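Chain naming here is simple, since letters A, B, ... match the order of the sequence lines and numbering starts at 1 in each. Since the model is a prediction, treat every value here as computed from it, not as a measurement.
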Amino acid sequence: MRIVIGMSGGVDSAVAALLLKQQGHDVVGVFMKNWEEKDEEGVCLAAEDYADVRRVADKIGIPYYSVNFSKLYKEKVFSYFLEEYKCGRTPNPDVLCNNEIKFKAFLELAHTAEAGALATGHYARSEKSADGVRLLRAADKGKDQTYFLAGLTQAQLRDAVFPVGGLLKHDVRNIAREHGLANAEKKDSTGICFIGERQFKSFLMQFLPAQPGDMVTVDGRFVSRHEGLMYYTLGQRKGLGIGGRNDGTGESWFVVGKDLAANRLIVQQGEHDELFSLSLDAKKINWIAGAPAGETFVCTAKFRYRQPDQRVEVRIEGDGAHVRFFEPQRAVTPGQWVVFYQDEVCLGGGPIDSVEPKKPIALLV
RNA sequence: UGGGGUGUAGCCAAGCGGUAAGGCACGGGACUUUGACUCCCGCAUUCGUAGGUUCAAAUCCUGCCACCCCAG
């Protein structure tokens, strides 16, 4: 079978390609360039990654190509990303990137190339049956990336394969080493997918100009100034620049809210009830295998990537859900995704619209 | 202008004759395909300033400077 595989230049997708090749598939590597930016010397930032794709593909013995979805990425992912920040929320661009780019535009490209499947280096497993496809957590619980795939539909998952999903990261690196892949020791990439690690505030400043305002406590006392509400997220500590105060407790300060109407950032010293929430509402949930039976049910959920599963009670409400936590949760943030799990199965998820604070902030009521 | 008080890192703050705690902030790193959180490391050869006493001074003494409070 012909399989198109998205190759990033990293070990995971390299080993994924290798495994598929070993299984006898007609593997075609494709490097996606979705962000146009050059360094100080005018060299494309993605050039080095593409060079790794070339080295690996040659070693494995598969053809490789490059496609450029920059325009689409800007239209479908980045514009949404900026809009959300403008609204005071904290979006997760990578979930959307999977929905719109990797498993949509790229999947269409695979179909055009008459491929029977699309592969990626994601740490996730899928299980096909007569009822459809189920998305399962990766074998390596520390690397599981189903959180980012929770927005995918049956149609998208049906044609997707995740060759490294059943392996441990450690084994993936070993395989890469054994086969002399050039990127075997390459550091895992982080940061926004296709954009990479950035000084986040200054990166946003390039697109969203500063809008300074006051930083105030939950009871409205002035503390400091902020540079723009969109540069901060709930629960954030770093970057507030609030030093010692003779009326303080000596603890750190955290962002607990945003007063959009008055352009005030609400901060609090220490971690208190205002930072925690009891439930959330999500207006639009993608249930991978259809909405679970019953109006309400108990499962686990994550509110951010790499968070231990939390027990929740879900009540389906139209296309969305009301999600009650068994334990109060810290800094659940609108714009981020809530993703549901039933043991190994990723049920789906959706963007968080609002939360019910453990203790409301008077200024925002 | 009298009287009192205080000056220790960017901020808060210990120290009260024996060779500069701690916290916050900040910087770096780890972790991490979002943003965060978290963790680790770093961060005053010097205590407003100029002298003096002492083996030894941020600590005691004196002058000066700055700020604060109370009088007026």
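Near RNA chain B, meaning a heavy atom under 4.0 Å away, the residues from residues 254-265 of chain A are A/F254. Listed by residue number, A/K102 are the residues of residues 100-107 of chain A with a heavy-atom contact under 4.0 Å to RNA chain B. Within a heavy-atom distance below 4.0 Å of RNA chain B, the residues of residues 71-93 of chain A found are A/Y85, A/T90, A/P91, A/N92, A/P93.
With both ends at atom C1', the span from B/U49 to B/U6 equals 15 Å, rounded to whole Å.
The glycosidic torsion of B/C37 lies within 90° of 0, which places this base in the syn conformation.
Among the heavy atoms of the strands lying under 4.0 Å from A/G239 are primed sugar atoms or P, OP1, OP2 only; no base atom is included. In this structure, A/N98 reaches the bases: a heavy-atom distance under 4.0 Å links it to at least one base atom across the strands shown. Note on A/L240: only backbone sugar-phosphate atoms sit closer than 4.0 angstrom, heavy atoms only; bases stay farther off. Among the protein residues, A/R330 comes within range of the sugar-phosphate backbone only, with heavy atoms under 4.0 Å from sugar or phosphate atoms but none that close to a base. Within the 4.0 angstrom heavy-atom criterion, only backbone atoms of the sugar-phosphate kind lie near A/E251; the bases stay farther away.
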Please output the side-chain donor-acceptor pairs of residues 137-144 of chain A that fall under 3.5 Å, not counting sequence neighbours, one pair per line with the distance.
residue : atom : partner : partner atom : Å
A/R137  : NE   : A/D343  : O            : 2.9
A/R137  : NH1  : A/D309  : OD1          : 3.0
A/R137  : NH1  : A/D309  : OD2          : 3.4
A/R137  : NH2  : A/D309  : OD2          : 2.8
A/R137  : NH2  : A/D343  : O            : 2.8
A/D140  : OD1  : A/G142  : N            : 3.0
A/D140  : OD1  : A/K143  : N            : 3.4
A/D140  : OD2  : A/K169  : N            : 2.8
A/K141  : NZ   : A/A138  : O            : 2.7
A/K141  : NZ   : A/E344  : OE1          : 3.0
A/K143  : NZ   : A/D188  : OD2          : 3.0
A/D144  : OD1  : A/A138  : N            : 2.9
A/D144  : OD1  : A/T146  : N            : 3.4
A/D144  : OD1  : A/T146  : OG1          : 3.2
A/D144  : OD2  : A/T146  : OG1          : 2.7

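For RNA chain B, the span of nucleotides reached by chain A at under 4.0 Å from its heavy atoms goes, 5' to 3', from B/G10 to B/U38.
Base pairing in RNA chain B yields stems of at least 3 consecutive Watson-Crick or G-U pairs, both distances under 3.5 Å, namely B:1-7 with B:65-71, B:10-12 with B:22-24, B:26-30 with B:38-42, B:48-52 with B:60-64.
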